[in-house]
Amino acid sequence: MKIERAEVIVTSPNRNFVTLRLQTDDGLVGLGDATLNGRELAVVAYLKEHVVPLLLGTDASRIEDTWQFLYRGAYWRRGPVTMAAIAAVDMALWDIKGKAANMPVYQLLGGASRDGLMAYGHASGPDLPSLFDSIREHQEMGYRSIRVQTGVPGLRAIYGIAAQSALDGGEERYDHEPARRGAYPTQEDWDTRAYLRHLPTVFEAVRNEFGPSMPLLHDGHHRMTPIQAAKLGKALEPYDLFWLEDCTPAENQEALRLVRQHTTTPLAIGEVFNTIWDFQTLITEQLIDYVRAASTHFGGISPLKKVMDFAAQYQIKSGCHGPTDISPVGFAAQLHVGLAIHNFGIQEYMPHGARTNATFKQSMTFENGMLHPGDNPGLGVELDVDEAGKYPYEQAYLPFNRLADGTIHDW
Ligand code: GCO
Ligand code: MG
């Protein structure tokens, strides 16, 4: 079972995706996601120039060995470009192994530990009435757990709020497909003190309207200092959040000690992390409750499974990153891990657009708020190469933000 062909396919059906397609000499095809939102072509070059030539002729059954060769052999370890490239190879090899065994990947990871994966969706609105509408729409779609993002009085446009992005000439669904395409990122506003004053009032209103039981989540997008995050976590305690996400820029893992000492609001971190080392202090000191790593940016299925097994010893659960910039291939990869591990927590799920779903045919299902990867052999995703060819790459960037005095703030 040797790798005979390796192609890097870039397509932009509703937004940009980078997919590695491996084919073996016995005709099996494996897919891997290498999409790095806003920096896609750097990973394309890494794969095409430096990885594909090393793969041709090698044994497709040696997943772990290939991973170690690409990680250790490069000398330069870690980083989002490197780890997205390695992730694509790892996923494609698991896809091939599943097809060779005629089993879905979750069976190879130990089999199902549950019937399905609880998903959370993104509700947002600039004010309470539109936020409530958005929550109801998500409930109608089947979601039982909901992330709540809201406008802040005095701020014109902030990330994560659908209608505010539309004001800025963006699409109505801010993080949904299609992405905001263009040659320069959109500028948004930020004021942490205004946000800290406003957010607890929003959660109070949401609990009053929707009752105590619905799991509610919130994403802080790394914008607070440790003491600000501690203050917010404490202020949100009466509203019983499922989690507060990315409260600080957590490359400083020790900062979470301070946050943790002050609040019992559960914490989730890690969507921008690349390796298990980024979680070392967070896990061993039990400074977080949920690991947010995405298979695509974390080196693939193999390291995602390892970090979750490590986290399990500390009663820490999964909450994998699942926005639309994770392709259907990367999304399927983490569904297989989530179904197999014991310490699954929740899965973020933002549905892809119609053109993306026509380009990537998926066995995955979403019913009554629960996801399942399906039982097709491998990952359960087929790429329609002709369809992909219709949508060439288009430059697109994430927005960025500045404070009122013009200072660039944390993402
Ligand atoms: C999330 C994320 C996304 C990211 C985006 C970056 O929690 O879903 O924070 O909104 O910002 O995926 O590419
Ligand atoms: Mg996030």
Side-chain angles (χ1 to χ4, degrees), residues 12 14-18 33-40 42-43 80-81 83-84 87 119-124 134 138 143 145-150 157-162 164-165 170-171 173-181 185-186 188 190 195 199 215-224 229 232 241-251 266-274 278 288-298 318-328 330-331 334 345-353 356 371 395-401 409-411:
S12 195
N14 293 100
R15 63 184 308 152
N16 294 315
F17 295 113
V18 178
D33 180 23
T35 307
L36 188 61
N37 195 7
R39 296 292 186 271
E40 297 88 353
V43 192
V81 175
M83 299 312 286
Y120 75 87
H122 288 208
S124 71
S134 176
H138 281 81
Y143 287 104
S145 308
I146 296 196
R147 182 181 106 157
V148 169
Q149 303 296 122
T150 171
I158 60 174
Y159 185 74
I161 316 299
Q164 287 189 332
S165 309
E171 299 299 326
R173 301 189 64 164
Y174 78 99
D175 194 26
H176 197 264
E177 295 171 327
R180 265 182 273 179
R181 289 161 166 147
T186 310
E188 298 181 338
W190 192 244
Y195 163 77
L199 196 67
L216 296 176
L217 303 87
H218 178 74
D219 191 348
H221 274 294
H222 325 98
R223 291 182 184 191
M224 286 164 273
L232 181 65
L241 265 62
F242 186 93
W243 79 35
L244 171 62
E245 172 185 343
D246 287 340
C247 57
T248 60
E251 56 258 49
L267 302 175
I269 285 186
E271 68 183 46
V272 300
F273 289 177
N274 313 130
D278 299 328
I288 56 171
D289 302 279
Y290 296 93
V291 163
R292 286 279 289 148
S295 57
T296 304
H297 304 125
F298 202 72
S318 69
C320 290
H321 191 210
T324 54
D325 51 279
I326 303 289
S327 91
F331 193 71
Q334 54 200 32
I346 198 167
Q347 173 63 54
E348 180 181 23
Y349 174 50
M350 298 183 77
H352 284 108
T356 299
L371 292 154
Q395 190 103 51
Y397 287 108
L398 282 156
F400 72 109
N401 67 85
H409 191 59
D410 288 313
W411 218 98

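For this chain, numbers begin at 1 and follow the sequence in order. Remember, predicted model here, so these are calculated numbers, not experimental data. Each ligand, and each atom within it, is numbered from 1 in the order the structure gives.
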Parallel, tilted or perpendicular: ring planes of W190 versus H409, cut at 30 and 60 degrees: parallel
Close N or O approach (Y120, ligand 1; < 3.5 Å): no
4.5 Å side-chain heavy-atom contact, L398 and Y159: yes
Validation row: Q149, H122 side chains within 4.5 angstrom (heavy atoms): no
Interfacing atoms of ligand 1 (cut-off 4.0 Å, heavy-atom, Y159): 3 (C), 4 (C), 5 (C), 10 (O), 11 (O)
Exam field: side chain Q347 to backbone C320, donor-acceptor pair closer than 3.5 Å: yes
F242: ring-ring contact (aromatic ring centres under 6.0 Å, His included) partners, not counting sequence neighbours: Y290
Backbone of Y143 reached by a side-chain donor or acceptor of Y349 within 3.5 Å: no
Contacts of the Mg ion (ligand 2) with protein N/O/S atoms, counting only those under 2.8 Å: D219 OD2, E245 OE2, E271 OE1
Atoms in ligand 1 with a heavy atom of R147 nearer than 4.0 Å: 1 (C), 7 (O), 8 (O)
Distance in Å, H222 NE2 paired with C247 SG, rounded so as to fall on 0.5 Å steps: 9.5 Å
Euclidean distance, H321 NE2 relative to Q334 CD, rounded to 0.5 Å: 9.0 Å
Minimum heavy-atom distance between L241 and H218, given as atom pair plus value: CD2-CB, 4.0 Å
Numbering as shown, the atoms of ligand 1 that approach N37 to under 4.0 Å (heavy-atom distance): 6 (C), 13 (O)
With S327, the side-chain contact (heavy atoms from CB on, under 4.5 Å) member among V18, D33, T296, T356: D33
Numbered atoms and elements of ligand 1 in range of D219, under 4.0 angstrom, heavy atoms: 1 (C), 2 (C), 7 (O), 9 (O)
Structural part of L398 in contact with ligand 1, heavy atom criterion under 4.0 angstrom: side chain
Any M350 heavy atom less than 4.0 Å to ligand 1: no
Per-atom contacts of ligand 1 with P323, taking only distances under 4.0 Å to non-hydrogen atoms: 8 (O), 12 (O)
